[in-house]
Amino acid sequence: MIYKQKRNRLREIEFDRVDELRMKLGFKVNEFTQLLSIGSTQWSMYRKCGKVPASRFYALKDALLYRVEQQARNSIQQILEHFN
């Protein structure tokens, strides 16, 4: 018989930490899954497993920072248009 070993990810983040972040930032699950670049089924799998790959977590951080930068740029552009 061949026994299959469980594949462990190198780094994992607790799902509760990610979900707590989602609630603090006021995102719906659908919006958050888009930032994570996953589907709702994968979100459910992460919740069931209790862990999220660290690569997804840090990609989320980058996506959030990019979103904030875009909002700031839009605000700056609106202010500049009033002075022209």
Side-chain angles (χ1 to χ4, degrees):
M1 275 191 203
I2 299 175
Y3 293 99
K4 204 170 191 181
Q5 289 183 344
K6 183 181 175 189
R7 240 179 87 193
N8 292 330
R9 296 184 191 113
L10 294 176
R11 291 205 46 202
E12 296 175 324
I13 307 296
E14 293 295 322
F15 180 82
D16 293 337
R17 181 176 174 196
V18 176
D19 199 36
E20 185 179 313
L21 179 66
R22 177 189 65 82
M23 289 186 285
K24 281 183 181 178
L25 295 175
F27 283 99
K28 295 180 181 177
V29 172
N30 291 340
E31 295 170 332
F32 218 60
T33 56
Q34 288 176 351
L35 289 173
L36 281 166
S37 299
I38 60 173
S40 59
T41 304
Q42 188 64 43
W43 176 262
S44 299
M45 295 297 287
Y46 288 155
R47 182 177 39 213
K48 181 180 175 184
C49 166
K51 301 197 184 288
V52 175
S55 59
R56 292 278 186 202
F57 183 75
Y58 293 115
L60 170 67
K61 181 184 92 169
D62 292 341
L64 287 170
L65 290 173
Y66 180 75
R67 188 175 186 167
V68 169
E69 286 176 4
Q70 285 298 106
Q71 290 172 346
R73 284 186 188 129
N74 290 339
S75 297
I76 290 170
Q77 188 63 31
Q78 289 175 355
I79 291 170
L80 290 176
E81 287 174 1
H82 291 292
F83 285 98
N84 287 334

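FYI, the numbering just counts along the sequence from 1.
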Spacing of [X] atom [atom1] and [Y] atom [atom2] [to the nearest 0.5 Å]:
X     : Y     : atom1 : atom2 : value
His82 : Gln77 : NE2   : CD    : 10.5 Å
Asp19 : Lys24 : CG    : NZ    : 12.0 Å
Arg47 : Ser40 : CZ    : OG    : 9.5 Å
Phe15 : Met45 : CZ    : CE    : 12.0 Å
Glu20 : Leu25 : CD    : CG    : 10.5 Å

What residue among Leu60, Val18, Leu21 forms side chain to side chain contact (heavy atoms under 4.5 Å, CB included) with Ile13? Val18
Taking all non-hydrogen atoms of both residues into account, name the closest pair between [X] and [Y] and its distance.
X     : Y     : result
Gly39 : Thr33 : O-CG2, 4.1 Å
Leu36 : Arg56 : O-NH1, 3.2 Å
Gln70 : Arg73 : OE1-NH1, 2.8 Å

Going hydrophobic residue to hydrophobic residue with side-chain gaps under 4.5 angstrom, can you get from Tyr58 over to Tyr66?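 In one cluster: no.
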ILVMFWY network linking Val29 to Tyr46, side-chain heavy atoms under 4.5 angstrom: yes
What do you reckon, are the aromatic ring centroids of Phe27 and Phe32 less than 6.0 Å apart? yes
Just do the side chain to side chain contact (heavy atoms under 4.5 Å, CB included) check on Glu31 and Leu35 with the steps written out, would you? CA-CA 7 Å; Glu31 295 170 332; Leu35 289 173; 5.8 Å; no
